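Note that these values count all heavy atoms, side chains included, but never hydrogens, waters or copies made by symmetry. Every value quoted in this text rests on a predicted model; they were computed, and no experiment measured them.
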Amino acid sequence: MIRRELNLMICAVQFLTRIPTPQLKQFDPAWIQASARYYPLVGMLVGTLSAGVLWGASQLATPLVAALLAIAASMALTGCFHEDGLADTADGIGGGSSRERRLEIMKDSRLGTYGASVLFLNLLIRAACLAALISVSPALAAIAMICAQSFGRSAAVMAMAVMPYGGNPGMAKEGNPDRTAPYNVIIAVLIGLAPFALLTPVMAGAGLGLGLLAAAIPAFLAWKHLGGRTGDVLGAVEQSFEIGFLLALGAVIRL
């Protein structure tokens with residue numbers, strides 16, 4: 001039992017990041033979806049490492065430079081995995097006129113106008129919000145980054161449980177395209193909420209509320225135009241949660 005859970009955690013790290021891990025001696029494709037319960041733990045790891053970059057850079061550089069370096073660190077750790085999903089989703093939903101055409105565009109490795117625009121705005125908003133938080137407190141900005149990265153993955157797991165698969169089942173990035181089990185969602189949500197204990201109740205509530213509202217936007221559009229989720233859509237959900245969460249905290253510190 002313990003060995004399997006450890007394998008699932010390693011599988012989650014391997015699937016979502018470029019972080020070196022021990023080689024799995026055996027691999028079961030079912031682990032990809034089962035490991036979803038640990039996606040927020042991976043987010044916590046990525047967020048903590050990126051927050052370390054943010055903290056160190058904030059002592060030497062301007063808030064905006066520190067924010068950009070922290071975001072760059074998170075992108076390097078994940079290989080832009082979620083950013084790629086956001087861009088592909090924007091290109092597909094924005095540029096296609098039918099479900100089949102949208103899915104075809106999303107599988108295209110080239111970046112289109114919709115994807116480039118949304119990706120640019122995503123990075124700009126995240127950097128601006130983190131810079132504002134750093135100006136108030138580097139520690140608060142570091143905590144915010146950990147929370148955003150952690151529960152952003154929880155939101156993606158929630159989408160895996162709620163949404164049907166909308167792509168070609170044989171192309172499912174998360175392995176089994178069926179909805180993930182409810183207990184995976186419960187575990188993922190509990191892990192994702194853990195770092196929220198470091199925030200004030202107002203910040204935690206506002207960040208969670210606006211983050212989930214933002215995450216629901218790509219989920220709704222994908223359900224409407226694709227018939228459900230794909231791996232790219234899950235990346236868009238994760239990134240949208242981060243944007244909503246950071247926007248909420250940026251608003252709270254101005255009150």
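- Interatomic distance, Tyr183 OH to Ile187 CD1, rounded to the nearest 0.5 Å: 8.0 Å.
- For Phe151 and Phe241, the distance between ring centers is under 6.0 angstrom.
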Side-chain atoms of residues 128-146: list all donor-acceptor pairs with protein atoms under 3.5 Å, sequence neighbours left out, distances to 0.1 Å.
residue : atom : partner : partner atom : Å
Ser135  : OG   : Ala131  : O            : 3.0
Ser137  : OG   : Ala139  : N            : 3.4
Ser137  : OG   : Leu140  : N            : 3.2

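- Counting only distance, with no hydrogens or angles, the side chain of Ser35 and the backbone of Ile32 share a donor-acceptor pair below 3.5 Å.
- No side-chain heavy atom of Leu69 sits less than 4.5 Å from a side-chain heavy atom of Leu54.
- Val189 and Phe196 fall within a single hydrophobic cluster, where Ile, Leu, Val, Met, Phe, Trp and Tyr side chains are chained together by heavy-atom contacts under 4.5 Å.
- Applying the side-chain hydrogen bond (donor to acceptor under 3.5 Å, both in side chains) rule to Arg101 yields the partners Glu104; only residues at least two apart in sequence or on another chain are considered.
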### Task
Please test Leu77 against Ser50 for side chain to side chain contact (heavy atoms under 4.5 Å, CB included), starting from the C-alpha separation and ending with a verdict.
CA-CA 9 Å; Leu77 288 167; Ser50 303; 3.9 Å; yes
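- When every heavy atom of Ala219 is checked against every heavy atom of Met163, the shortest pair comes out as O-CE, 3.4 Å.
- Of all heavy-atom pairs spanning Ala90 and Val118, the tightest one is CB-CG2, 3.7 Å.
- Side-chain heavy atoms closer than 4.5 Å link hydrophobic residues (I, L, V, M, F, W, Y) into clusters, and following such links, possibly through other members, connects Ile253 to Leu208.
- The same ILVMFWY cluster, assembled from side-chain heavy atoms under 4.5 Å apart, contains both Leu6 and Ile191.
- For Arg99 (side chain) and Leu226 (main-chain N/O), a donor-acceptor pair under 3.5 Å exists by modelled atom type.
- For residues 151-165, every residue pair satisfying the salt bridge (charged side-chain N to carboxylate O under 4.0 Å, His left out) rule, not counting sequence neighbours, is listed here: Arg153-Glu238, Arg153-Glu242.
- Considering every non-hydrogen atom in both Ala206 and Ala248, the closest pair reads O-CB, 3.4 Å.
- Between Met160 and Val185 the shortest side-chain heavy-atom distance does not fall below 4.5 Å.
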### Task
Step by step, work out the side chain to side chain contact (heavy atoms under 4.5 Å, CB included) result for Val252 and Leu249.
CA-CA 5 Å; Val252 169; Leu249 264 61; 5.5 Å; no
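- By the criterion of side-chain heavy atoms lying less than 4.5 angstrom apart, applied directly or through intervening Ile, Leu, Val, Met, Phe, Trp or Tyr residues, Val42 is not grouped with Ile186; the two fall into different hydrophobic clusters.
- Within the model, atoms CZ of Phe81 and OG of Ser74 stand 14.0 Å from one another, a figure rounded to the nearest 0.5 Å.
- Counting heavy atoms of neighbouring residues, nucleotides and ligands inside a 6.0 Å radius, atom CG of Leu255 exceeds 12 of them.
- A distance of 7.0 Å separates CE in Met75 from CZ in Arg126, rounded to the nearest 0.5 Å.
- Judged by distance alone, the side chain of Arg37 and the main-chain N or O of Ala188 form no donor-acceptor pair under 3.5 Å.
- Not one N or O on the side chain of Ser150 forms a donor-acceptor pair closer than 3.5 Å with the backbone of Cys147.
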#### Entry: Step-by-step side chain to side chain contact (heavy atoms under 4.5 Å, CB included) determination, Trp223 to Val162
CA-CA 10 Å; Trp223 208 327; Val162 173; 3.8 Å; yes
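- Of the inter-residue distances, the one linking Asp88 atom CG with Leu111 atom CG reads 8.0 Å to the nearest 0.5 angstrom.
- Residue His82 holds its NE2 atom at 9.0 Å from OG1 of Thr17, rounded to the nearest 0.5 Å.
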### Message
side chain to side chain contact (heavy atoms under 4.5 Å, CB included), that's the test. Do Val13 and Ile10 meet it? Break it down for me.
### Response
CA-CA 5 Å; Val13 175; Ile10 293 174; 5.8 Å; no
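- Around atom CD of Gln23, no more than 12 heavy atoms belonging to other residues, nucleotides or ligands sit under 6.0 Å away.
- Asp91 places a side-chain N or O within donor-acceptor distance of the main-chain N or O of Gly115, the cut-off being under 3.5 Å.
- Distance check: Met44 CE to Leu41 CG gives 5.5 Å after rounding to the nearest 0.5 Å.
- Following chains of ILVMFWY side-chain contacts shorter than 4.5 Å, one can reach Val202 starting from Leu212, so the two form part of one hydrophobic cluster.
- Of all non-hydrogen atoms in Gln14 and Pro22, the two that sit nearest each other are NE2-O, 3.4 Å.
- With a 4.5 Å cut-off on side-chain heavy atoms, Leu49 and Ile19 count as touching.
- Using a 4.5 Å cut-off on side-chain heavy atoms (C-beta onward), Val237 and Met158 make no contact.
- Counting all heavy atoms, side chain and backbone alike, Arg18 lies closest to Thr78 at CG-C, 4.2 Å.
- In this structure, Gln239 and Leu86 approach most closely via the heavy-atom pair CB-CD2, 4.0 Å.
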